[in-house]
Structure formats: structure tokens, C-alpha cells
Amino acid sequence: MRKRYVVYGLLFSLTAINYIDRMALAIAPHQITTEFNISPFMLGLLLSSFLWLYLFALIPMGMLVDRYGTRLVNAWGISVWSFATLLSAASGGFLSMLVTRLMMGVGESTSYPAGGRVLREWVPARERGMATSLFHAGSLIGPAIAALGLSIIVNSYGWRSAFVLAAAIGFVWLAAWLIWFRQPEKASWLSDEERELILSTRDTATVAHNPDLPRLGLKTLLRSKTLWAITFTHGCAVYTTYLFLTWLPSYLQAEKGLTLLKSGLYTAIPYLGAALLGIVIGTLGDRIMAGKSLGDGQRRVVVAACLLMSTLIFFVPFLDDIRLILAVFSLSLTGCTAAVAANLSLINDLIPSKEDSGTAIAVISTGGNFFGICAPIVTGYVISITNLYQ
């Protein structure tokens, strides 16, 4: 009766692989800066570079998702970014690594617009918060796996082997996606009973009562003040998320004197904790929203509470105990990831037609990543001129 969880699992693993590939460069900053003879600022450029084209490709990819469907676009995206990750292993310096990171960004720009639309197509509205949190939890489990697994690989076989392994995992996922994923209307492995449950409950009450609502299109979406407000809150959460993603291993190594392997372990702890807590918050959010009119945007209360939790990172410079620091990192990262997931759910609650879902999620992801692209560059610049992480 819950075979739809196969699709949830595919989405979870999609974002996990996405972030394993992003994290591969951040696992071995000292080896790469030494081999390529580059400064912390140049490393910051490399760490953020996949966002440069990713940022501008998001809306076009969202529109392609709404036109050609999630199966095709997701398959194309992971093919491109896995191939780019493989090419990263052959990089000979700053410029060649930069090119492969840009290519990776184009491929990865498909995952959130396509994944968000899959959620709209497959998930009953009453469990949307949980399913979206599970989808986004992959963005935390991925870095945790990278921090633990790739640290061991880098320590034993060098940094290039980490990129080869990350690329191979992506191609395995591609095969699974092409074999099993179909729309719920066409998935032969889905029971008739569960198919009817999905199709009859995937829309909010407002949309369900108006099944013939027309597609809005990009121009109409961009005129929505609500969409711009969601985009701003999304950006606040994404900035801190990318700060963790790109600089946490380096912070633990440089400021706390941890070895590569120990910093990998300590980096994984906040990500694992935030992934689990984020799913709990998403599930609780569904329960809190039960009986409320999701089409009126009631889920914004969950977003606000999560953003408030993320501000706990403010206290890190005043702490010395590594256990307390990791606890604060875990709670702050939980707030960030839960806010992102709640925003994705909020978009799917509000958008009248699922035919606009990919485009709308691409819009808020674009705005959010305008903030996110600044995090590794600004942090690298501050470290370069102050020699401090505080």
C-alpha cells in the first residue's frame, strides 16, 4: 500500500548523490590547494563555481521539467553531472577543475525542480511535509557520507579517487531511475488502490475543488509577491547551508586542529543529526497542519520557526567545547534544512497547477542560490584577510 515510498527513496538518494558530488572538493582542501598551488580565496571560487551556471540554469531547467517531464530531465541531469564529476578526477589545475565544476552545476540544476514536481505528482498532500523533508534530507546524508566515506578514500588513495567513486554512484542511480520511475498513472508496479489514493489526494482542497485551473507560466509567477517572499526566506536558509557545506571541514581542521579523518567524522555528526531531526520536523509539521487549509499558506509558520532555530549558529564563536559546538551546528543546520523543505512543501501547497511546479520551485531555488553563491566566496575572502574563522 506504500509502494510510493520507492519514489521517495529515489528522490532521497538523488539529492544525496547530488551533495556527495558537491562535497567531494571540500573534503580535501589542503591536498588540492597544495597540488594546484592556489590560495584560500581561489579555493573559495572553486567551491562556489558549480553554483555559477547552476544558478542561471535553474529556471530554464524548471521550464523544461514542466514541458518534458521529470523522468527525462532527471536522467539527463544526473548523466551530465556524473560525467563532469568523473572529469574532475582528471583535473590538472585551477582552470580545468573550474570547467568541470561549471559543467557539474548545469547538470545538478535539474534535481530540485524535477524532484519538487515529482513530489507534487506522487505525494498525498497530507504527507507532503514528511516526503519533502525526506527528499531534502539527502542533501544532509550526502555530505555525511562524503565526510566519512570520501575522507577514508582520500586518505588511502588520494583526492582524485573520491571523484571517480562519486561519479560511479551517480551512474548506478541513473540505471535504477530509468528502470523503475514512471508517473503514478503509468507505474505498473503500483496497486490500483494506492494509485487512486495518490491521484485523489495529491492536491490541496482548494486545487481539488478547481481541477481545471489553468497553468500560470513564468511571467505570472514572477508577479507574485508571495513567491518573492518565499524566495527571500529560502535564500536565508540556503546561505547558511552552503556555509556548512563548503567550509565546515576546513574550519574543523584549521581552527580545532583535527586530522582529515577526524574532521570527516565530526563533519558528519551535524549532517546526520540534522537529517533525522529534519524528517521529524517535517512529519510534525504535517500533523500540525492537519485540518488546516494548506492552500492558504499555513505552512509558513513552520518555515518561520525553522529559520529561528537556524540562528543558533551565532553562539559558536563563544564556545570552546567541541561537543557543544557540534550540538549547536546540528541544531542550526536542522533549522536550515527544515526551512528549505518546508518552503518546497509550501510552494506545492500554493501552486494551483502541478504543471507550474517545476518552474515555481526553480524560481525560489534561483533566488535562494543567489544567497548561497556568496557564502563560500565571502567566507574565503574573510579568512584570507583575517586568518580567522570566527
Side-chain angles (χ1 to χ4, degrees), residues 18-55 81 84-106 108 139 142-143 146-147 150-151 153-155 157-167 238-264 266-268 270-271 316 329 369-390:
N18 188 313
Y19 277 78
I20 287 172
D21 291 0
R22 296 187 193 191
M23 191 74 171
L25 180 60
I27 290 300
H30 299 302
Q31 292 90 330
I32 293 173
T33 53
T34 299
E35 181 174 335
F36 290 173
N37 191 27
I38 59 177
S39 68
F41 177 67
M42 295 177 73
L43 177 62
L45 292 176
L46 282 180
L47 288 168
S48 71
S49 58
F50 80 93
L51 281 171
W52 300 351
L53 292 184
Y54 173 91
L55 183 68
W81 96 58
T85 302
L86 186 62
L87 290 179
S88 296
S91 296
F94 175 82
L95 184 58
S96 56
M97 178 67 82
L98 180 66
V99 171
T100 63
R101 297 285 287 181
L102 292 171
M103 180 179 174
M104 185 180 77
V106 174
E108 290 194 351
S139 70
L150 295 188
S151 292
I153 296 296
V154 169
N155 193 61
Y157 303 104
W159 66 266
R160 296 177 189 275
S161 59
F163 285 90
V164 174
L165 179 60
V238 169
Y239 182 95
T240 307
T241 299
Y242 278 113
L243 177 63
F244 279 104
L245 181 68
T246 55
W247 283 103
L248 181 55
S250 182
Y251 165 79
L252 293 172
Q253 292 172 32
E255 289 289 309
K256 300 304 173 183
L258 300 183
T259 63
L260 172 64
L261 291 178
K262 186 169 285 189
S263 69
Y266 282 22
T267 296
Y271 280 99
V316 168
F329 278 154
N369 281 285
F370 265 116
F371 286 73
I373 200 172
C374 298
I377 297 175
V378 170
T379 305
Y381 179 73
V382 170
I383 294 170
S384 293
I385 63 175
T386 66
N387 294 316
L388 294 171
Y389 285 75
Q390 305 299 336

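Throughout, residue positions are numbered sequentially from 1 according to the sequence presented.
For the pairing with Phe94, the side-chain contact (heavy atoms from CB on, under 4.5 Å) check across Val99, Asn37, Leu46 returns one residue only, Leu46. Paired with Glu108 under the rule side-chain contact (heavy atoms from CB on, under 4.5 Å), one option of Thr85, Asp21, Leu53 passes, and it is Asp21.
One distance of note links CE of Met104 with CG of Asn18; it measures 8.0 Å at 0.5 Å rounding. In this structure, OH on Tyr54 lies 14.5 Å from CG on Leu102, to the nearest 0.5 angstrom. Separation of atoms CG (Leu87) and CE (Met97) is listed at 11.0 Å; rounding is to 0.5 Å. Of the inter-residue distances, the one linking Ile38 atom CD1 with Ile32 atom CD1 reads 7.5 Å to the nearest 0.5 angstrom. Separating the CZ atom in Phe371 from the CG atom in Leu243 is a distance of 14.5 Å, to the nearest 0.5 Å. In this structure, OG in Ser139 is found 11.5 Å from CD1 in Ile20, a value given to the nearest 0.5 Å.
Not a single donor-acceptor pair under 3.5 Å links the side chain of Thr34 to the backbone N or O of Gln31.
Nearest approach of Val238 to Gly372, heavy atoms of both residues: CG1-CA, 3.9 Å. Contact detail for Thr241 and Tyr271: the closest heavy-atom pair is O-OH, 4.5 Å.
For the pair Leu165 and Tyr157, the minimum side-chain heavy-atom distance is 4.5 Å or more. Side-chain contact between Phe36 and Leu43 is absent, with no heavy-atom pair separated by less than 4.5 Å.
Judged by the 6.0 Å distance and 45° axis criteria, Arg160 is not positioned over the aromatic ring of Phe163.
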